[in-house]
Q: 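My structure is below; once you've seen it, I'll send some questions.
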Protein chains: 2
Amino acid sequence: MRLLYTINFFMNSPEELVDFIQHGHQRYLPHLSIDCVVFGYHDQQLKILLLRYHGQENWNLPGGYVEWQEGLTAAAHRILSEKTQLVNLFLQQFYTFGDSPIRLNRIDIQNNHNKAFAKANVAITEQHWLSNRTLSVGYYALVDYQEVTITPEYLVDDYAWVDINEVPPLSYDHNEILDKALLTLRSQLYQQSIGLNLLPEKFTLPEIHSLYEAILGKQFDRRNFRKKMLALGVIRQLDERRKIGPHRSPFLYVFDLENSNKVLEAGAGVAL
Amino acid sequence: MRLLYTINFFMNSPEELVDFIQHGHQRYLPHLSIDCVVFGYHDQQLKILLLRYHGQENWNLPGGYVEWQEGLTAAAHRILSEKTQLVNLFLQQFYTFGDSPIRLNRIDIQNNHNKAFAKANVAITEQHWLSNRTLSVGYYALVDYQEVTITPEYLVDDYAWVDINEVPPLSYDHNEILDKALLTLRSQLYQQSIGLNLLPEKFTLPEIHSLYEAILGKQFDRRNFRKKMLALGVIRQLDERRKIGPHRSPFLYVFDLENSNKVLEAGAGVAL
DNA sequence: CCAAAAGTGTTCCCACTACACCCATGT
DNA sequence: ACATGGGTGTAGTGGGAACACTTTTGG
């Protein structure tokens, strides 16, 4: 059962924004952020969620800061729920970024922030906490595309789901973060119950088939794919069908959680 | 060719220690550390390097802080070279730890530090930079056990190579870090040229066979193991043998770097 | 000659691949 | 009836697992 809550937002008024800029250093750890690569699936395409902040040209991954007394994983969940209203997401840490030039040199960051935060009428100086060098912990999330309701924050001018094959240049090193997330997702595809979070509870074989093709960027034989998924025991066929218009009704399947967990334990897990 | 350099040390005098405690916050990013799990192989056992700091009962993983203008990967290499004198190590980031109680609550840390730094005669207050909440980025390293020369820092009372099956309770959440490192190592064993860094340049089949058994904690059939390694193309048999006393002389093998790289590119890489 | 360790080949089975025709449904 | 998409089985192949005897060497 997936639970959907409506949660409290983050910065949805000019006052909250100014408070964030002026007092954020009292609330958040400096030098550390979290960036989330949110994968969604729709229309046979694998997409990611991008945000564009006020005054910036480039798109960004949704991200945020860690509170002083907050666990890292908890922070990732909070940040994501602030952007998507989804909780109980599948969320996986995959790498911490601290090498690219943008993460060593703070000039561009200061510049960017000044544009983004122009709405607040508060200048971000070189000494300001937001101008600090910041390392970023990358998490990827998997969401059921149709259940996500994006409620942009005050600072977010625009958001978009974009196909992973048509991702524009992003701010900072976010393209690099995305690339690594995608690599990780692909390598973990058969070890984690990936589809569980990208598909509705009941789905058809063609649906999960297309999903795997979209994620891995290649094609699979229908018959062999079904055999493999059943042999691995990650999905189970139901005795129901779905009506899909003027065509034969496909069977419905569900993820077999008991078996999936066994598969997970067997495959040692971690990758790079 | 592996290169061994002697590098500059870190804290090898009371003066440097006091300087570190008093002025470290000017040199290092706060709230962030790096911990390294150094795997070494000897006597058919997989071991890790542990340090014990002055005044502490428990053992620690070698670790350190990131300089303000230093890349994260560079910091990991620097920290490790300060402890082992080895450079050009295989070093792999595997997870960032920020959830366990010790990483949320700074009391114990302050307490520990006061014992450890007693040598310096400088009290670590609750406001001191070393008492801050600290997240840690985990790296694991693989070293050729016989080439490592440990030169303990001033603060390090003792060091030890301990079998991974006999690891005592460590400080902070270091046992958790070790567990995750080991999981990662195991899952990446056939994708990375792991053995390259744990064995001498030329090695016998029984040697690499025992290494794999030690890492994975289970046994493999000699004949099948050889077939698999040769089929994967990661090792190549030489026309030399090694004298090993009153027994048949085993052939020597080397890693086939050309082929290993191909294998690496093929296998998507990342895991967690 | 003996003890200890290394070298080597075959069989079996399962998992993955390739491949094409029939069925169901709504218009 | 037909167009569209879904469902299904078989044969071949290659890689992994199981398995035991012979050879080398120094003492």
Side-chain angles (χ1 to χ4, degrees), chain A residues 43-45 186-187 189-191 195 199-200 202-214 216-254 256 259 262-263 266-268, chain B residues 43-45 186-187 189-191 195 199-200 202-254 259 262-263 266-268:
Chain A
D43 199 17
Q44 306 205 337
Q45 293 179 322
R186 284 177 174 159
S187 74
L189 187 52
Y190 288 104
Q191 270 118 56
L199 290 173
K202 296 179 180 182
F203 51 88
T204 68
L205 202 66
E207 282 171 347
I208 191 175
H209 180 215
S210 301
L211 169 64
Y212 272 62
E213 290 188 338
L216 293 174
K218 57 185 173 188
Q219 304 205 315
F220 301 98
D221 180 87
R222 288 213 309 275
R223 292 160 284 192
N224 294 336
F225 180 77
R226 175 170 180 271
K227 258 181 294 185
K228 179 169 185 175
M229 295 302 279
L230 288 175
L232 282 176
V234 296
I235 63 174
R236 191 156 41 85
Q237 186 169 358
L238 299 178
D239 204 19
E240 302 172 56
R241 293 161 180 268
R242 172 182 291 164
K243 297 264 183 235
I244 54 158
H247 308 300
R248 180 169 184 169
S249 307
F251 281 100
L252 289 172
Y253 290 76
V254 292
D256 189 329
N259 259 315
K262 283 181 208 154
V263 172
Chain B
D43 199 17
Q44 304 204 340
Q45 292 179 324
R186 285 176 174 160
S187 74
L189 187 52
Y190 288 104
Q191 271 118 55
L199 290 173
K202 296 178 180 182
F203 50 89
T204 68
L205 202 66
E207 281 171 348
I208 191 174
H209 180 215
S210 301
L211 169 63
Y212 272 61
E213 290 187 339
I215 293 178
L216 292 174
K218 56 184 172 187
Q219 304 205 314
F220 300 98
D221 180 88
R222 290 214 309 276
R223 292 159 285 191
N224 294 336
F225 181 78
R226 174 169 181 272
K227 260 182 289 183
K228 180 168 184 175
M229 296 303 279
L230 288 175
L232 282 175
V234 296
I235 63 173
R236 194 158 39 87
Q237 186 169 358
L238 299 178
D239 203 19
E240 303 172 57
R241 291 161 180 268
R242 171 181 295 166
K243 297 262 183 240
I244 53 159
H247 308 299
R248 181 169 182 171
S249 307
F251 279 100
L252 288 172
Y253 290 76
V254 291
N259 261 317
K262 282 181 209 155
V263 172

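Treat the numbers as computed from the prediction; the structure is a model and nothing was measured. Quick note on labels: first sequence line is chain A, next is B, and so on, each numbered from 1.
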Q: From the list C:dG26, D:dG26, D:dC19, which nucleotide is the closest neighbour of the side chain of A:Lys243?
A: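 Given the options C:dG26, D:dG26, D:dC19, the side chain of A:Lys243 is closest to C:dG26.
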Q: Expressed as a whole number of angstroms, how long is the span from A:Arg241:CZ to D:dT8:P?
A: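 It works out to 8 Å between those atoms.
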Q: Nearest heavy atom decides the nucleotide; on that basis, is B:Thr204 or B:Lys227 closer to the 5' end of DNA chain C?
A: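 Going by which nucleotide is closer to the 5' end, it is B:Thr204.
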Q: Could you label the plane-to-plane angle of the B:Phe203 and B:Tyr253 rings as parallel, tilted or perpendicular, counting under 30° as parallel and over 60° as perpendicular?
A: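 B:Phe203 vs B:Tyr253 ring planes: parallel.
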Q: Please report the distance, rounded to the nearest Å, between CG in A:Leu230 and C1' in C:dC14.
A: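 Going from A:Leu230 (CG) to C:dC14 (C1'), I get 17 Å.
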Q: If I take atom CD in residue A:Gln44 and atom C1' in nucleotide D:dG5, what distance separates them, rounded to the nearest angstrom?
A: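 For the pair A:Gln44 CD and D:dG5 C1', the rounded distance is 11 Å.
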Q: Determine whether any donor atom in the side chain of A:His247 lies under 3.5 Å from an acceptor atom in the base of D:dT4, or the reverse, and answer yes or no.
A: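 Checked by distance alone, the answer is yes.
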Q: Could you state the CZ-P distance from A:Arg248 to C:dT25, rounded to the nearest angstrom?
A: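 Rounded to the whole Å, the gap is 8 Å.
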Q: Rounded off to whole Å, could you give me the CE-to-P distance for the B:Met229 and D:dG16 pair?
A: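 Distance check: B:Met229 CE to D:dG16 P gives 12 Å.
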Q: Under 3.5 Å, side chain of A:Asp43 to main-chain N/O of A:Gln45, donor-acceptor pair present?
A: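 Such a contact is absent between A:Asp43 side chain and A:Gln45 backbone.
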Q: Without decimals, in angstroms, what is the distance between A:Tyr253 OH and D:dG7 C1'?
A: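 It is 8 Å, rounded to the nearest whole Å.
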Q: Donor-acceptor check, side chain of A:Arg222 to backbone of A:His209, threshold 3.5 angstrom: yes or no?
A: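 It does not hold such a pair.
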Q: Among C:dT17, D:dC19, D:dG7, which nucleotide sits nearest the side chain of A:Pro250?
A: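 It is D:dG7.
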Q: Return the 5'-most residue of the pair A:Arg223, A:Pro246 with respect to DNA chain D, ranking by each residue's nearest nucleotide.
A: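 Of the two residues, A:Pro246 wins.
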Q: Between B:Leu205 (CG) and C:dG7 (P), how many Å, whole number?
A: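 In whole Å, C:dG7 P and B:Leu205 CG are 6 Å from each other.
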Q: Quick check: on DNA chain C, is the nucleotide nearest A:Ser249 upstream (toward 5') of the one nearest B:Pro206, or the reverse? Name the residue that is more 5'.
A: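 Result: B:Pro206.
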Q: Tell me whether the side-chain N/O atoms of B:Arg226 come closer than 4.0 Å to OP1 or OP2 in C:dT8.
A: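 Checking C:dT8 against B:Arg226, a side-chain N or O does come within under 4.0 Å of OP1 or OP2.
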Q: Quickly work out the A:Leu238 CG to D:dG6 P distance and round it to whole Å.
A: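 Taking atom P of D:dG6 as the reference, CG of A:Leu238 is at 17 Å.
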Q: I want to know whether A:Phe220 and A:Tyr212 have ring centres closer than 6.0 Å.
A: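 No - the distance between ring centres of A:Phe220 and A:Tyr212 does not fall below the 6.0 Å cut-off.
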Q: Could you tell me whether the side chain of B:Ile244 reaches within less than 4.5 Å of the side chain of B:Pro250, counting heavy atoms only?
A: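 SC-SC contact between B:Pro250 and B:Ile244 confirmed.
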